[in-house]
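Here the structure is a predicted model, which means the values were calculated and not measured. Start at 1 and go down the list; that is how both ligands and their atoms are numbered.
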Amino acid sequence: MKFDFKEYNVVVTGGTRGIGKAVTEAFLKAGASVTAIFHGNQAAADQLKQAWAGHPLEIVKFDISDYSQAESFYKEYDAKHKSLEVLVNNAGIRKDNVLGMMPPQDWNAVIATNLTGTFNMSKFAVQKMMQNKFGRIINITSPSGKFGFAGQSNYAAAKAGQVALTMSLAKETARRGITVNAVSPGFIDTEFIGDLPEEAKKAFIQQIPLKRFGRPEEVANAILFLASKESSYVTGSVLEVTGGL
Ligand SMILES: NC(=O)c1ccc[n+]([C@@H]2O[C@H](COP(=O)([O-])OP(=O)(O)OC[C@H]3O[C@@H](n4cnc5c(N)ncnc54)[C@H](OP(=O)(O)O)[C@@H]3O)[C@@H](O)[C@H]2O)c1
C-alpha cells in the first residue's frame, strides 16, 4: 500500500529522534508537511533539519508537558496552517525504579510528559480538526501499559492511561470524522532502550517470536496506515508492533 499525504499537515511530538524521527521522515516521503516537536536535544533537531532542507519540515522546541507551552504552540500553528490532519503523540520518557524507591519527581515527570503531554497536545488538535470534520490522532503507548513491567510503575501507568484516553476520545470524536488510535511498539532499537545491558537485551530477544528488536521505520509504517484515509473504519484500537511479544 502506498500512502499519499499531499495536502496533509502533520504534527509529530518527539519527531526528531528515534521512532518519531522515522515517522517524520515517512510522512515527508509521502508528501506531507510536518511539524516535529522536540524538547532538549538540539543537535538531533539540527541534523534532521539539515537532512531535509528544502522539504516542508518545521522543527519546534517546547515542553509538551506544559499546558501553556502547548497552547502557545497551537496559537502560532493556527496562524500559519489552515488545517491539521494528523497528530502523532509520540514523545515519551522513562525514569525506571522500583516503586518503593521511586522519587516523587520521577513519578510526576513520567506522567506529565507521557500522559499529560498527550492530553495537552490532543486538546487543541481536536478543536482544530473539528473545524474540518477530519482528523487522525495516533498515540504511542507500550506493552508495559498492558502487562506492567517491574521498575516501570510510572511509565506503565502513563502508557495505560494513554490507551484509556485513546478509547474515550475516539468515542467523543467519531461523529466529527476524527479517529483516535494507539500504536504499541515492542522493543525498538532507539536510544530509548540504549541503557539496557547487553545481557538483558539478549534475554529480551529470546522472548520475542521474531527474535529481533524492531526498527523505527516498522513502527512508522503502522502509524502511516492509521493516519491514512484507508484506515477509515479503525478507531479506539491499539495496534501492536511487537514482533509477537
Ligand atoms: N524504543 C522502544 O523500545 C519503545 C517501546 C515502546 C514504546 N516506546 C514509546 O515510543 C515513543 C518514542 O520512543 P523512542 O524510542 O523514539 O524515544 P527517544 O529516542 O528517546 O525519543 C524521544 C523523543 O521525545 C522527545 N521528548 C521527550 N520529552 C519531551 C517533552 N517533554 N516535550 C517534547 N518532546 C519531548 C525527545 O526530545 P529530545 O530529542 O529533545 O530529547 C525525543 O525527540 C515513546 O513514547 C516511548 O515510550 C518506545
Does Arg212 come within less than 4.0 Å of Glu218, counting only side-chain N to carboxylate O? yes

Give, for atom CD1 of Ile138 and atom OG of Ser231, the distance between the pair rounded to the nearest 0.5 Å. 7.0 Å

At a 4.0 Å cut-off, with the gap strictly under it, does some heavy atom of Arg94 reach an atom of ligand 1? no

Under 4.0 angstrom from ligand 1, any heavy atom of Ala44? no

Which residue and non-hydrogen atom of the protein lie closest to [atom], and at what distance in Å?
| atom | result |
| --- | --- |
| atom 10 (O) of ligand 1 | Ile140 CG2, 3.4 Å |
| atom 17 (O) of ligand 1 | Phe192 CD1, 3.3 Å |
| atom 6 (C) of ligand 1 | Pro185 O, 3.1 Å |
| atom 3 (O) of ligand 1 | Ile188 N, 2.8 Å |
| atom 15 (O) of ligand 1 | Thr190 OG1, 2.5 Å |
| atom 39 (O) of ligand 1 | Arg17 NE, 2.7 Å |

Answer with side chain, backbone, both or neither: which part of Lys159 has a heavy atom less than 4.0 angstrom from an atom of ligand 1? side chain

Evaluate Ile64 for polar contact with ligand 1, using N/O atom pairs at a separation under 3.5 Å. yes

What atoms of ligand 1 come within less than 4.0 Å of a heavy atom belonging to [X]?
| X | answer |
| --- | --- |
| Asp63 | 30 (C), 31 (N), 32 (N) |
| Thr141 | 7 (C) |
| Gly40 | 38 (P), 40 (O) |
| Ile193 | 3 (O) |
| Ile93 | 27 (C), 28 (N) |
| Gly92 | 22 (C), 24 (O), 27 (C), 44 (C), 45 (O) |
| Ala91 | 24 (O), 25 (C), 26 (N), 34 (N), 35 (C), 45 (O) |
| Gly18 | 16 (O), 19 (O) |

Flag this pair as yes if the NZ/CZ of Arg17 is under 6.0 angstrom from the six-membered ring centre of Phe38 and inside a 45 degree cone about the axis; otherwise no. no

Under the side-chain hydrogen bond (donor to acceptor under 3.5 Å, both in side chains) rule, what do His55 and Glu25 come out as? Steps first, then yes or no, please. CA-CA 10 Å; His55 288 80; Glu25 293 185 317; over 6 Å; no

Say whether [X] and [Y], considering side chains only, have a donor N or O and an acceptor N or O under 3.5 Å apart.
| X | Y | answer |
| --- | --- | --- |
| Thr166 | Asn139 | yes |
| Tyr67 | Lys123 | yes |
| Thr118 | Gln162 | yes |
| Asp46 | Gln50 | no |
| Asn89 | Ser122 | yes |

State whether the side chain of Asp63 and the backbone N or O of Ser65 hold a donor-acceptor pair below 3.5 Å, judged by distance alone. yes

So, the side chain of Lys49 versus the backbone of Leu57: is there a donor-acceptor pair under 3.5 Å, distance only? yes

With salt bridge (Lys or Arg N to Asp or Glu O under 4.0 Å) as the criterion, how do Arg136 and Glu85 come out once you've worked through the C-alpha distance, each side chain's angles and the decisive distance to 0.1 Å? CA-CA 6 Å; Arg136 297 278 189 262; Glu85 279 72 29; over 6 Å; no

Should we count NZ of Lys82 as having more than 12 external heavy atoms under 6.0 Å? no

Considering only heavy atoms, which of [options] lies nearest to [atom]?
| atom | options | answer |
| --- | --- | --- |
| atom 45 (O) of ligand 1 | Ile19, Asn90, Val183, Asn41 | Asn90 |
| atom 25 (C) of ligand 1 | Gly186, Gly14, Ala158 | Gly14 |
| atom 35 (C) of ligand 1 | Gln162, His39, Glu191 | His39 |
| atom 8 (N) of ligand 1 | Tyr155, Phe62, Phe187, Phe213 | Tyr155 |

